[in-house]
Amino acid sequence: MRREFVDAVLAVAALIPAGRVLSYGDIAELLGSGGARQVGRVMSLHGGAVAWWRVIRADGTLPNELMDRAVRRYQRELTPLMIREAGSAPKVKMQSARWFPDDDDFDRIEEIRLKTSLPADGMEP
DNA sequence: ATTCTGACTTGCT
DNA sequence: AAGCAAGCCAGAA
């Protein structure tokens, strides 16, 4: 994938406030480029560079091993969780934890798009 | 060109 | 809840 895409994904991930999350698909949508799987790829390869636990699946989970490590973070930064059976990993409560960028944030995201020269705002061919 | 693979998503059983 | 199929987007073989 293009390096610009990687940079853009990581830049957006860096905007997510503590205690909130975005799904892979959310980021792809905000960037208007690539898809959830591409964002997942970026996180797989470069996630270590950012707060990777704030970029998760649309259903509020992460792959098992990662979820285990992420939960500590969630507890520390008070991310809304849905507790299930004792012993089984919790899920992030997307309804309350999902981050909705405000106007300033959208400006920053637009900024990122320009710097990384990704396709402009939502116009389809 | 074709096929397989993956930190994905949505909809249907 | 849990599986599963299809759809999805790119990279690699």
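The figures that follow rest on heavy atoms only: side chains count, while hydrogens, waters and symmetry mates do not. Chain A is the first sequence line, chain B the second, and so forth, proteins listed ahead of strands; every chain is numbered from 1.
- Taking the side-chain hydrogen bond (donor to acceptor under 3.5 Å, both in side chains) definition, one finds that A:Asp102 meets it with nothing, sequence neighbours left out.
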Can you check side chain to side chain contact (heavy atoms under 4.5 Å, CB included) on A:Tyr24 and A:Val55, steps first, answer last?
-> CA-CA 6 Å; A:Tyr24 301 106; A:Val55 181; 3.8 Å; yes
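- Under the rule for a side-chain hydrogen bond (donor to acceptor under 3.5 Å, both in side chains), A:Arg20 has no partner lying at least two apart in sequence or in another chain.
- Glycosidic conformation of C:dA1: syn, with the torsion inside 90° of 0.
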Expected list for residues 44-53 of chain A: side-chain donor-acceptor pairs under 3.5 angstrom, two or more places apart:
| residue | atom | partner | partner atom | Å |
| --- | --- | --- | --- | --- |
| A:Trp53 | NE1 | A:Glu77 | OE1 | 3.2 |
| A:Trp53 | NE1 | A:Glu77 | OE2 | 3.4 |

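- The salt bridge (Lys or Arg N to Asp or Glu O under 4.0 Å) test applied to A:Arg69 returns no partner, not counting sequence neighbours.
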B/S/- along nucleotides 1-6 of chain C (protein heavy atoms under 4.0 Å) is ------
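- Electrostatic pairing of A:Arg98 and A:Asp26 counts as a salt bridge here, judged by a charged N lying under 4.0 Å from a carboxylate O.
- The list of salt bridge (charged side-chain N to carboxylate O under 4.0 Å, His left out) pairs with a residue in residues 6-18 of chain A, not counting sequence neighbours, reads A:Arg3-A:Asp7.
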Between the protein and nucleotides 1-3 of chain B, list every N/O to N/O distance that falls short of 3.5 Å.
none

How would nucleotides 6-13 of chain B be written as a contact map, 5' to 3', with B for base contact, S for sugar-phosphate-only contact and - for no contact, using protein heavy atoms under 4.0 Å?
-> BBBSS---
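- Taking hydrophobic clusters as Ile, Leu, Val, Met, Phe, Trp and Tyr residues chained together by side-chain heavy-atom distances below 4.5 Å, A:Phe106 shares a cluster with A:Val12.
- In terms of the side-chain hydrogen bond (donor to acceptor under 3.5 Å, both in side chains) criterion, A:Ser96 has no residue partners (sequence neighbours excluded).
- Under the rule for a side-chain contact (heavy atoms from CB on, under 4.5 Å), A:Leu78 has no partner lying at least two apart in sequence or in another chain.
- The side-chain hydrogen bond (donor to acceptor under 3.5 Å, both in side chains) test applied to A:Arg72 returns no partner, not counting sequence neighbours.
- B:dA7 and C:dA13: their P atoms are spaced 16 Å apart (whole Å).
- Using modelled atom types, one side-chain atom of A:Arg113 and one backbone atom of A:Leu30 make a donor-acceptor pair closer than 3.5 Å.
- Of all the residues in residues 71-78 of chain A, not one reaches under 4.0 Å from DNA chain B with any non-hydrogen atom.
- A:Arg54 places no side-chain N or O within donor-acceptor distance of the main-chain N or O of A:Leu22, the cut-off being under 3.5 Å.
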